[in-house]
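Worth saying up front: this structure is predicted, and the values here are computed from it rather than measured.
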Amino acid sequence: MSLEVFREKVVVISGASSGIGREMALQLASQGANLVLGARREELLGEVAEECGKRGGRAVYRKTDVTSKEDARALINLAVEKFARLDALINNAGITMYSPFEEIKDLSVADRIIQVNFLGSVYLTYFALPYLKETRGRLVAVSSLTGKTGVPTRSLYAASKHAMAGFFDSLRIELRKYGVSVTVLYPGFVKTPIRENALGPDGKPLGKSHIREEGAMDVEEAVRKMLTAVAKRKRELVMGTRAKIGLWLKLIAPSLVDRMAEKSISSGKT
C-alpha cells in the first residue's frame, strides 16, 4: 500500500528529533502529511521540521518531555490548534539501558525508563483519543523485540516494552467500535543513536554503543516497513525473519531462545 493515505493527514510523532522518529517525519513529509513533532531537543526538532518542509510536508514542533502530563497535553493541543484535527499518533519516544540488573547502582534508572517508554505513551494516548475517535484514526506504538521476549542487560527496558504491549493490545479491543486502529511495531536491531544514549548502571547515558553495528537494518528501510504496516492498519509488525523464527521457537523451546539471547548479548550482536 502506498503511503499516499497520509496525504493531508495530521500526524503527531514523539521522539521526533532523531532516529526512527526523525525518519518517520521525513518519509511522511514526502507524502504530504501535516506533522506535529515533539522531543526534548528543540534545536534538532527545528531542523527536522525545516527538512520536512523541503520535502513537501507541513510541520510544527514543540519541545516535549513525554513524562510530563502537561507537555503531553500541549503537544496534542498543538495539533488541533494548527490543523483542527488529529489522524494519527505515533508513540515513538524511548530510552534504553545496558546493564545487568544486579549491577545497577541507581534505581532511578527504573523510574526513568518506565516513565519515558510506558507512561509517556499512556499520557499522549490519553489526550489524543478523543480526536482520534472523531477521525477513526491510527494509534501507533514503536516497541521493540524485547517487548516480546526478555533480553539480558535490558531487563527494565524489556519490562517497559512488555507494559506497552499489554496496554496497546487492550486498547485495540476497546477502540475497535470507534474504528481506531492500533498498530504495535516490534523492530529489531536498527541503526539509530538510541544505544549511544542508553543508561548505564549509574543511571547516566553511556555515550557510546556497546553493540556491533554491522548487520543492523538501515533506519530508512525499517521506517518504510513500519509506515506501510501503519497505513494498512495492521495489528502488529514483528520485523526480521530471525525475530519471527525466534518467537515461534519460544512457543516450543523457550530455554533455547533464552540461550540464544544470552549468546547474542555476549557476542555484542544485540
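If you run side-chain contact (heavy atoms from CB on, under 4.5 Å) between L139 and each of V230, L132, T183, V184, only L132 comes through.
The shortest distance between side-chain heavy atoms of S144 and Y186 does not fall below 4.5 Å. Residues R40 and S17 are not in side-chain contact: their nearest non-hydrogen atoms beyond the backbone lie 4.5 Å or more apart. At a threshold of 4.5 Å between non-hydrogen side-chain atoms, the residues T149 and L145 do not count as touching. Between D111 and L107, every side-chain heavy-atom pair lies at or beyond the 4.5 Å cut-off. H162 is not listed as a side-chain neighbour of F167, based on a closest heavy-atom distance of 4.5 Å or more.
If you check the side chains of Q31 and Q27, you find no donor sitting under 3.5 Å from an acceptor. A donor and an acceptor atom, one from each side chain of S18 and R41, are located under 3.5 Å apart.
Ion pairing of E220 with R224 is absent here, as no side-chain N (NZ or NE/NH1/NH2) approaches a carboxylate O to less than 4.0 Å. Salt-bridge formation is not detected for the pair E8/R85: no Lys NZ or Arg NE/NH1/NH2 atom is positioned less than 4.0 Å from an Asp or Glu carboxylate oxygen. The residues D71 and R62 are annotated as salt-bridged, a charged nitrogen and a carboxylate oxygen being separated by less than 4.0 angstrom.
The two residues G120 and N91 have their closest heavy-atom pair at O-OD1, 4.4 Å.
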What's the verdict on side chain to side chain contact (heavy atoms under 4.5 Å, CB included) for L86 and V12, showing C-alpha distance, side-chain angles and the deciding distance?
-> CA-CA 8 Å; L86 177 59; V12 172; 3.5 Å; yes
